[in-house]
Amino acid sequence: MSNRPTSEVAVLMRRERIDNRWQPWRWSLADVVPNEPAFGVEPRLLRQDEREEQWLFPGFAVELFRDDAEGYHLNLASPAPCWFVMWRMDEDTGTGHPLARPVEVSLSYHDAGRWLDAQESVEQVPAPPEVLEGLRAFVDANYQPEPKRRKRPDSFRSLQDRFGNPASVSTEKLRGGGGGGGHG
């Protein structure tokens with residue numbers, strides 16, 4: 001068992017009817033809630049009518065890693081701190097239609113960025129105050145911002161030519177050899 005702070009959560013996904021003849025249904029993230037033993041371990045349909053279905057996906061462990069404290073800090077510093085959920089379409093579900101299956105849940109801005117860079121489906125929902133309170137305590141204990149290093153003014157840098165070799169500049173005027181013409 002890990003000694004890292006961990007939250008057990010379940011993900012609620014919504015399948016809703018839309019007015020589009022090529023794609024009559026759209027999946028979206030509905031919520032992230034604390035996991036309950038009564039949820040079991042398998043996804044299950046909670047609600048269904050002609051306009052919408054709601055599915056519960058239990059059993060996600062969200063661990064906090066000290067080396068990602070900056071990612072949690074960035075989430076907390078955003079206007080709306082949230083859960084990030086990466087999900088994929090699962091074609092073979094036995095339900096008669098594809099199922100949007102959550103794969104990962106995180107509180108890290110960095111995780112969400114990596115998933116988006118990999119062109120995964122990522123959505124977010126607001127994290128509740130009690131989750132943010134625990135996350136803030138973790139960040140306060142583990143996040144050390146990188147010290148800002150002063151940029152040295154360009155006037156102090158050594159000069160180089162276009163090939164990277166040391167170069168020098170002279171303020172002396174070149175004399176002689178300037179083949180001017182006389183008047184004549």
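Along the sequence shown, the residues carry numbers beginning at 1. The figures that follow rest on heavy atoms only: side chains count, while hydrogens, waters and symmetry mates do not.
Counting heavy atoms from C-beta on, the side chains of Val85 and Phe60 never come closer than 4.5 Å. Contact annotation: the side chain of Phe138 approaches that of Arg66 to within less than 4.5 Å [non-hydrogen atoms, C-beta and beyond]. Within the 4.5 Å cutoff, side-chain heavy atoms of Glu16 are placed close to those of Arg26. Put simply, the side chain of Cys82 reaches to within 4.5 Å of the side chain of Asn75, judged on heavy atoms. Put simply, the side chain of Leu12 reaches to within 4.5 Å of the side chain of Leu46, judged on heavy atoms. The shortest distance between side-chain heavy atoms of Leu64 and Arg4 does not fall below 4.5 Å.
Scanning both residues, Pro126 and Trp83, for their nearest heavy atoms gives O-CD1, 3.8 Å. Among all heavy-atom pairs drawn from Phe57 and Met13, the shortest one is CE1-CG, 3.7 Å.
One hydrophobic cluster holds both Trp87 and Val32 under the rule that ILVMFWY side chains link at heavy-atom gaps under 4.5 Å.
No side-chain donor-acceptor contact under 3.5 Å links Arg15 to the backbone of Trp25. Of the possible donor and acceptor atoms, none in the side chain of Asn35 sits under 3.5 Å from a partner among the backbone N and O of Pro58. Put simply, the side chain of Tyr72 gets close to the backbone of Phe65: a donor and an acceptor are under 3.5 Å apart.
Using the six-membered ring where Trp is involved, Trp55 and Trp27 have ring planes that are tilted, between 30° and 60° apart.
Qualifying side-chain contact (heavy atoms from CB on, under 4.5 Å) partners for Asp49, counting only residues two or more places apart in sequence or in other chains: Arg51, Glu52.
Between Asp117 and Arg114, none of the side-chain N atoms (NZ, or NE/NH1/NH2) sits under 4.0 Å from a carboxylate O, so this pair counts as no salt bridge.
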